[in-house]
Colleague: 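Quick one: the structure is below, and I'll ask about it shortly.
Lettering of chains follows the sequences in order, A, B, ..., and the numbering in each one begins at 1. What you see is a predicted model, and the numbers here were worked out from it, not measured in a lab.
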Protein chains: 4
Amino acid sequence: MISNRDLAVDIFQISTGSTEPIYRQMVEQVRRQILGGQLLAGDAMPSVREVATALGINPMTVSKAYSLLEADDWLVRRRGMGMVVAEKTLSLDEASSRLALLRPSLERVGTEAKQLQLPAEAVLSCLSEILNQNDHDTNTQK
Amino acid sequence: MISNRDLAVDIFQISTGSTEPIYRQMVEQVRRQILGGQLLAGDAMPSVREVATALGINPMTVSKAYSLLEADDWLVRRRGMGMVVAEKTLSLDEASSRLALLRPSLERVGTEAKQLQLPAEAVLSCLSEILNQNDHDTNTQK
Amino acid sequence: MISNRDLAVDIFQISTGSTEPIYRQMVEQVRRQILGGQLLAGDAMPSVREVATALGINPMTVSKAYSLLEADDWLVRRRGMGMVVAEKTLSLDEASSRLALLRPSLERVGTEAKQLQLPAEAVLSCLSEILNQNDHDTNTQK
Amino acid sequence: MISNRDLAVDIFQISTGSTEPIYRQMVEQVRRQILGGQLLAGDAMPSVREVATALGINPMTVSKAYSLLEADDWLVRRRGMGMVVAEKTLSLDEASSRLALLRPSLERVGTEAKQLQLPAEAVLSCLSEILNQNDHDTNTQK
DNA sequence: GTGGTCTAGACCACC
DNA sequence: GTGGTCTAGACCACG
């Protein structure tokens, strides 16, 4: 069995050291997981308090992220029953569409690699390694 | 001939929309270009005013970035001659060392790709394309 | 001369007794005043702190309203220089379009009047009186 | 014949999307209908369960509204017979008195119309249309 | 139990 | 000076 606490930890990977605000990290992660299909329409999100205690952050920070996601129709509020993943009209089944969402981060890597004068092969093999590691994690986790 | 204005544009790629503070973007970019060898010890940096007008940002922001770079011994202030790239004792000739600096960005791509459920091949080929494009730009630009 | 404090009081008419949250009242009022033409693209909004002290509410409440307005592209944030009315692509010059925005409130009046069994003439003459009073205020104020 | 389910739908016009709490919407609507004479002393109210299922809301919400109405002597609890409209000592036969209860909503329309820069005639004709539509509904319904 | 609102106060980033 | 973020804690509305 998976507790709600684990659910919160599973959904959110927060890095407090980043300049990216916590609430924004949460918003982006939920968006991507909805688009990626890990979070399906109707899935219940862990409650504000659960997430807050699991991640050791303030409930209002979580609430802010949830509110923004609700305002953009990614989540729906069920009165007194928490937040649920909304049914998005737009579907991004096509991997190519989802790839477009990754592009800004890839271009960031591109400029950084260029400035560091790194050969393309080195960068690609390093990324390949990271991606395979992720797959491995996912598989063993199942 | 290349004006200083062009130089400023060449060195700094600022995105005002990002949550990443402008001054930090500038600091990181100079650091990487020194490590990568685009900026060599003794090279003159464009003046605060030139950078500010070229990029349309506040001179104090540029000044802050320069001050931080000076405090970390990446730049040296030459009286009457503006800022100059310092001679760093530590060298990162090894590409592997410089690759380590790129690693955080690569891991960010990794987690985003995983959340978007994107296949590794698609991500790698897209990045490969971006890296080659950059090389091409550099070549034709020369 | 008009102080910024007066500006804040002029733009925002907050009723703390209402069930409508303060920040939402503010959002709606700014939206209507942009649509109505009282607030023009480029106009500077009073600062968060000014509004907060003028209305006697918490700065974060004002900030929340401003953030929501920014998220919906009604306001634009000028770094370090406060918020400014955005240039909306959509124009609602037509009074008929703006009337549509008033419709929910009118229908509320309709159901309430029906439940109170009030004759249409009485309701209309009362509203007419209120509207003329407003015009009068505006004229004498000029 | 009119079922109790229809009765519930007839008495209560609930908008779940509103910021106005559901129970308060219910309280206000019952009050207005008693003052307006649609609900007469001795009339039986539909049961909590009937209202809840008819409107698709939580029974506790209905119960809360009824309790508040009872506390304010608008309804009386008859053992085994549910809630019944009370005999109010105060009477608001005069339309002018009941009009006063509508005034807050009318003033809200006034401020919104002013902010939207709408001409009085347009607002009045739109409201007139709505009021006539209501009358028409009532007549044909009978 | 759920989320929402508001307050008070601290600290940061940017101009 | 500007707005932004986060925390801590109280209270409300709803189920």
Colleague: Just the rounded figure in Å: distance from C1' of dT2(E) to CG of Leu75(A).
Modeller: 14 Å

Colleague: When you measure from the side chain of Met83(A), which nucleotide among dG3(E), dT2(E), dT5(F) comes out closest?
Modeller: dG3(E)

Colleague: Expressed in angstrom and rounded to an integer, what is the separation of Met60(C) atom CE from dG4(E) atom C1'?
Modeller: 13 Å

Colleague: Can you tell me the distance, in whole Å, between the CE atom of Met26(D) and the P atom of dG15(F)?
Modeller: 11 Å

Colleague: Report the nucleotide, chosen from dT2(E), dG3(E), dT7(E), that has the shortest atom-to-atom distance to any side-chain atom of Ile57(C).
Modeller: dT7(E)

Colleague: Set out, in order, the CA-CA distance, both residues' side-chain angles and the distance that settles side-chain hydrogen bond (donor to acceptor under 3.5 Å, both in side chains) for Thr111(C) and Gln13(D), then state yes or no.
Modeller: CA-CA 9 Å; Thr111(C) 56; Gln13(D) 320 284 339; over 6 Å; no

Colleague: Where the side chain of Ile22(A) is concerned, which of dT2(E), dT7(E), dC6(F) is the nearest nucleotide?
Modeller: dC6(F)

Colleague: Which comes earlier along DNA chain E counting from the 5' end, the contact point of Arg24(B) or that of Pro59(C), where each point is its nearest nucleotide?
Modeller: Pro59(C)

Colleague: My understanding is that a pair needs two contacts under 3.5 Å, Watson-Crick or G-U wobble. By that rule, which nucleotide pairs with dG9(F)?
Modeller: dC6(E)

Colleague: Expressed in angstrom and rounded to an integer, what is the separation of Gln25(B) atom CD from dA13(E) atom P?
Modeller: 14 Å

Colleague: Looking at side-chain heavy atoms only, is the closest gap between Ile57(D) and Tyr23(D) below 4.5 Å?
Modeller: no

Colleague: In whole Å, I'd like the distance from the CE atom of Met81(A) to the C1' atom of dC14(F).
Modeller: 11 Å

Colleague: Would you find a donor on one side and an acceptor on the other, under 3.5 Å apart, between the side chain of Asn58(D) and the backbone of Met60(D)?
Modeller: yes

Colleague: Within the structure, does a side-chain N or O atom of Ser67(C) lie under 4.0 Å from either OP1 or OP2 of dG4(F)?
Modeller: yes

Colleague: Between Leu55(C) (CG) and dT7(E) (C1'), how many Å, whole number?
Modeller: 15 Å

Colleague: Let me know the distance between CD of Glu70(A) and C1' of dT2(E), rounded to the nearest Å.
Modeller: 13 Å

Colleague: For the pair Glu107(C) and Arg103(C), find out whether any cationic side-chain nitrogen is under 4.0 Å from an anionic carboxylate oxygen.
Modeller: yes

Colleague: Between C1' on dG4(E) and CZ on Arg77(A), what's the gap in Å once rounded to a whole number?
Modeller: 7 Å

Colleague: Any side-chain heavy-atom pair from Gln38(C) and Asp43(C) closer than 4.5 angstrom?
Modeller: no

Colleague: Taking the side chain of Thr61(D) as heavy atoms from C-beta outward, which of dC6(F), dT7(E), dG15(F) is closest to it?
Modeller: dG15(F)

Colleague: Just call it for Lys64(D): base, sugar-phosphate, or nothing, with non-hydrogen atoms closer than 4.0 Å on any strand.
Modeller: nothing

Colleague: Can you tell me which nucleotide in dC6(F), dT7(F), dA13(E) comes closest to the side chain of Tyr23(A)?
Modeller: dC6(F)

Colleague: On the nucleotide dG4(F), are OP1 or OP2 found under 4.0 Å from the side-chain N or O atoms that Ser63(C) carries?
Modeller: yes

Colleague: Within the 4.0 Å heavy-atom criterion, would you say Arg49(C) contacts the bases, only the backbone, or no part of the nucleic acid?
Modeller: base

Colleague: Pick the nucleotide of DNA chain F nearest each of Met45(C) and Asn58(A); which residue has the one closer to the 5' end?
Modeller: Met45(C)

